[in-house]
Amino acid sequence: MQTKVYLFYAIADGAKREYRDEDGVDGYGRTNRIPNPRDMSLIQTFVNAVLQPANMYRIRAGSIRFLSEDIPQKGVPIIVQSIRIMA
């Protein structure tokens, strides 16, 4: 089996609930984007290195939206790891 891993890395600004591909930090490779979740086998989201439950966010191609009342605090990293397993 082959796998492809996509990483999206951004720094929270403390004000936004939604982050898009263009909010990604430069320098983290050419896969610093959020692919279409329908094409992925597994998606994990980390805020300040803590794995988030799937019901706390919504992923669409090119964006992540946090659904909780609280938003990520300013300065903390947001990482979306998307993995595609191909047979």
Side-chain angles (χ1 to χ4, degrees):
M1 282 194 264
Q2 292 183 329
T3 60
K4 180 144 185 160
V5 177
Y6 298 85
L7 289 174
F8 171 75
Y9 182 85
I11 301 294
D13 66 1
K16 288 196 281 193
R17 182 170 300 282
E18 185 168 346
Y19 290 84
R20 299 180 174 276
D21 285 348
E22 53 268 17
D23 295 314
V25 175
D26 289 335
Y28 283 87
R30 58 188 175 90
T31 62
N32 194 14
R33 66 183 183 90
I34 302 171
N36 189 331
R38 293 182 197 142
D39 298 334
M40 298 296 109
S41 305
L42 174 69
I43 297 174
Q44 300 182 105
T45 298
F46 301 86
V47 175
N48 205 20
V50 177
L51 180 63
Q52 301 298 297
N55 65 341
M56 300 301 281
Y57 58 89
R58 181 181 67 226
I59 301 254
R60 292 190 175 157
S63 71
I64 180 170
R65 180 173 182 80
F66 292 97
L67 304 175
S68 63
E69 217 174 277
D70 298 324
I71 58 174
Q73 293 180 343
K74 183 176 183 174
V76 302
I78 299 168
I79 300 170
V80 178
Q81 180 187 50
S82 305
I83 300 170
R84 182 175 179 199
I85 301 171
M86 299 164 277

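Bear in mind that the values here come from a model prediction, so they are computed numbers and not experimental data. As a basis for the values below, the full set of heavy atoms in this structure was taken, side chains included, without hydrogen atoms, waters or symmetry mates.
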query = What are the two closest non-hydrogen atoms of A12 and I78, and how far apart are they?
reply = CB-CD1, 3.9 Å
key: Nearest non-hydrogen partners of N55 and L67, listed with the distance   = O-CD1, 3.9 Å
inquiry  = I'd like to know whether Q81 forms a side-chain contact (heavy atoms from CB on, under 4.5 Å) with V5, so could you lay out the CA-CA distance, the side-chain angles of the two residues, the decisive distance to 0.1 Å, and finally the verdict.
reply    = CA-CA 7 Å; Q81 180 187 50; V5 177; 4.3 Å; yes
How long is the gap from [atom1] on [X] to [atom2] on [Y], to the nearest 0.5 Å?
X	Y	atom1	atom2	answer
D70	R17	CG	CZ	8.0 Å
Y6	I43	OH	CD1	11.5 Å
M40	I59	CE	CD1	11.0 Å
M56	R65	CE	CZ	13.5 Å
L51	I79	CG	CD1	11.0 Å
S63	R58	OG	CZ	7.0 Å

query = Any link between Y9 and I83 through a network of hydrophobic side chains (Ile, Leu, Val, Met, Phe, Trp, Tyr) touching at under 4.5 Å?
reply =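 Y9 clusters together with I83.
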inquiry  = Are L7 and F46 connected into the same hydrophobic cluster when the rule is that any two of I, L, V, M, F, W, Y join if their side-chain heavy atoms are below 4.5 Å apart?
reply    =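 Yes, same cluster.
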By side-chain contact (heavy atoms from CB on, under 4.5 Å) - contacts of S41 (at least two apart) = I85
message = For the CD atom on Q73, are there more than 12 heavy atoms of other groups (residues, nucleotides or ligands in this structure) within a distance under 6.0 Å?
response = no
task = Could you tell me whether Q2 atom CD has more than 12 heavy atoms of other residues or ligands within 6.0 Å of it?
result =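 Atom CD in Q2 is not crowded, with 12 or fewer foreign heavy atoms closer than 6.0 Å.
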query = Side chains of P77 and N48: does their closest heavy-atom pair fall under 4.5 Å?
reply = yes
query = Can you tell if the side chain of D13 reaches within under 4.5 Å of the side chain of Y19, non-hydrogen atoms only?
reply =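 Yes. Closest side-chain heavy atoms under 4.5 Å.
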key: Sidechain-backbone polar pair: E18 side chain, K16 backbone, donor-acceptor under 3.5 Å   =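 No, E18 side chain to K16 backbone: no donor-acceptor pair under 3.5 Å.
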inquiry  = Between N32 and V25 (side chain of the first, backbone of the second, donor and acceptor by atom type, cut-off under 3.5 Å), is there such a pair?
reply    = yes
inquiry  = Could you go through M1 and T3, starting from their C-alpha distance and side-chain angles, then the distance that decides it, and tell me whether this counts as side-chain contact (heavy atoms from CB on, under 4.5 Å)?
reply    = CA-CA 7 Å; M1 282 194 264; T3 60; 5.6 Å; no
inquiry  = Taking salt bridge (Lys or Arg N to Asp or Glu O under 4.0 Å) as the definition, give me every residue that meets it alongside R60, ordered by chain and number, with sequence neighbours left out.
reply    =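 Once residues adjacent in sequence are excluded, R60 has no partner under the salt bridge (Lys or Arg N to Asp or Glu O under 4.0 Å) criterion.
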task = Evaluate side-chain contact (heavy atoms from CB on, under 4.5 Å) for F66 paired with V47, printing each intermediate quantity in order.
result = CA-CA 10 Å; F66 292 97; V47 175; 3.7 Å; yes
